Amino acid sequence: MTGIEKIVEKIREESLNRCDAVIAEAKENAGEILFEERKKAEKEAEKIISEGKKEALKKENAARSAAETISKTRYLEVKNAIVNDIIAAAFEKIEDMSDEDYFSLLLSLCEKNVESGEGTMFLSKRDLERVPKDFEETVNSLVYEKGAVRLSKSPMNIENGFVLVYGDIEVNCTLRAVFDEKLDSLRDALCKELFTE
């Protein structure tokens, strides 16, 4: 086996090992989401392996060190693609929640983000149309020690989640804003869980 073939084999082995780690995590924590991500990761890994073999064969006589650099770059791309796919799938899963689970999530977000004093909660048009009748009462029973929240009858031009308004202060609790705020810590946690040997 030549040096390049060993590098290519190492790329293949590392990619397959990482895909296996994704599967193990899926069984423990996120079953359905991570199962789908494994399928995507395996396809991506096969594509990268195929491209890596072609590239390695072309450069075998000219640049063995360049092939090693490429393999490391490809490996990082696979890791990044897996993490991106898992985060995207998790976001989609939240968007597809049942109304009961979705509004339960909003209650939790409100409890963590409510400010002192009286605020107004703005929902999207879609969410206002399906909000539980006792939602405002439930919100206030959770946050009464800090203040009060009034549910606006007017929708805000947001996709999901909510925005709390306290005079000139807005607390953005849309799902995208929450995900974006936590994106780095989500990436770090996933990488640590999936790719730590």
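Bear in mind that the values here come from a model prediction, so they are computed numbers and not experimental data.
- The local environment of CZ in Arg130 is crowded, with over 12 non-hydrogen atoms from other residues, nucleotides or ligands closer than 6.0 Å.
- Taking the side chain as every heavy atom from C-beta outward, Leu151 and Leu123 approach each other to under 4.5 Å.
- A donor-acceptor contact under 3.5 angstrom links the side chains of Asn84 and Arg187, judged on distance only.
- To the nearest 0.5 Å, the span separating CG on Leu164 from CE on Met121 amounts to 5.0 Å.
- Between the NZ atom of Lys182 and the CG atom of Asp188 there is a distance of 12.5 Å, given to the nearest 0.5 Å.
- Annotation: side chain of Ile87 is in contact with side chain of Leu190 (closest heavy-atom distance under 4.5 Å).
- Using modelled atom types, one finds a donor on one side chain and an acceptor on the other under 3.5 Å when comparing Asp127 with Tyr102.
- To the nearest 0.5 Å, atoms CE (Met156) and CZ (Phe162) are separated by 12.0 Å.
- Contact record, Val143 with Glu111: CG1-CA, 4.0 Å, taken as the closest heavy-atom pair.
- Looking at heavy atoms from C-beta onward, Leu105 lies in side-chain contact with Met97 at the 4.5 angstrom threshold.
- Asn140 places no side-chain N or O within 3.5 Å of a backbone atom of Ala148 that could act as its donor or acceptor partner.
- With hydrogens and angles ignored, the 3.5 Å screen pairs a side-chain donor or acceptor of Asn113 with a backbone N or O of Leu109.
- A distance below 6.0 Å separates the ring centres of Phe135 and Phe103.
- Hydrophobic clustering (ILVMFWY, side-chain heavy atoms < 4.5 Å, transitive): Ile70 and Val78 are in distinct clusters.
- Distance alone, capped at 3.5 Å, places no donor-acceptor pair between the Ser104 side chain and the Glu100 backbone.
- Glu159 is linked by a side chain to side chain contact (heavy atoms under 4.5 Å, CB included) to Glu95, counting only residues two or more places apart in sequence or in another chain.
- Separation of atoms OG (Ser116) and CD (Glu145) is listed at 11.0 Å; rounding is to 0.5 Å.
- Nearest heavy-atom pair across Cys110 and Val139 is SG-CG1, 3.6 Å.
- A heavy-atom distance below 4.5 Å is not found between the side chains of Ser141 and Glu137.
- Atom CZ in Phe91 sits 5.0 Å away from atom CG in Asn160 (nearest 0.5 Å).
- Both Val149 and Leu128 are part of a single hydrophobic cluster, where members link through side-chain heavy atoms under 4.5 Å apart.
- Comment: Arg74 engages Glu77 in a salt bridge, judged by a side-chain N to carboxylate O separation of less than 4.0 angstrom.
- Two residues are said to be in side-chain contact when any heavy atoms from C-beta on lie closer than 4.5 Å; Phe122 and Pro155 fail this criterion.
- Shown here is Tyr144, whose OH atom has no more than 12 heavy atoms of other residues, nucleotides or ligands within 6.0 Å.
- Taking 4.5 Å as the limit, every side-chain heavy atom of Asn80 sits out of range of all side-chain heavy atoms of Leu76.
- Following chains of ILVMFWY side-chain contacts shorter than 4.5 Å, one cannot reach Val165 starting from Leu107, and the two form parts of different hydrophobic clusters.
- Counting heavy atoms of neighbouring residues, nucleotides and ligands inside a 6.0 Å radius, atom CG of Asp134 exceeds 12 of them.
- In this structure, the side chains of Leu175 and Ile94 come closer than 4.5 Å at one or more pairs of heavy atoms.
- Expressed to the nearest 0.5 Å, how far CG of Asp101 lies from CG of Leu106 amounts to 11.0 Å.
- Between Val178 and Arg176 the shortest side-chain heavy-atom distance does not fall below 4.5 Å.
- Remark: Ile169 CD1 is loosely packed, at most 12 non-hydrogen atoms of other residues, nucleotides or ligands lying under 6.0 Å away.
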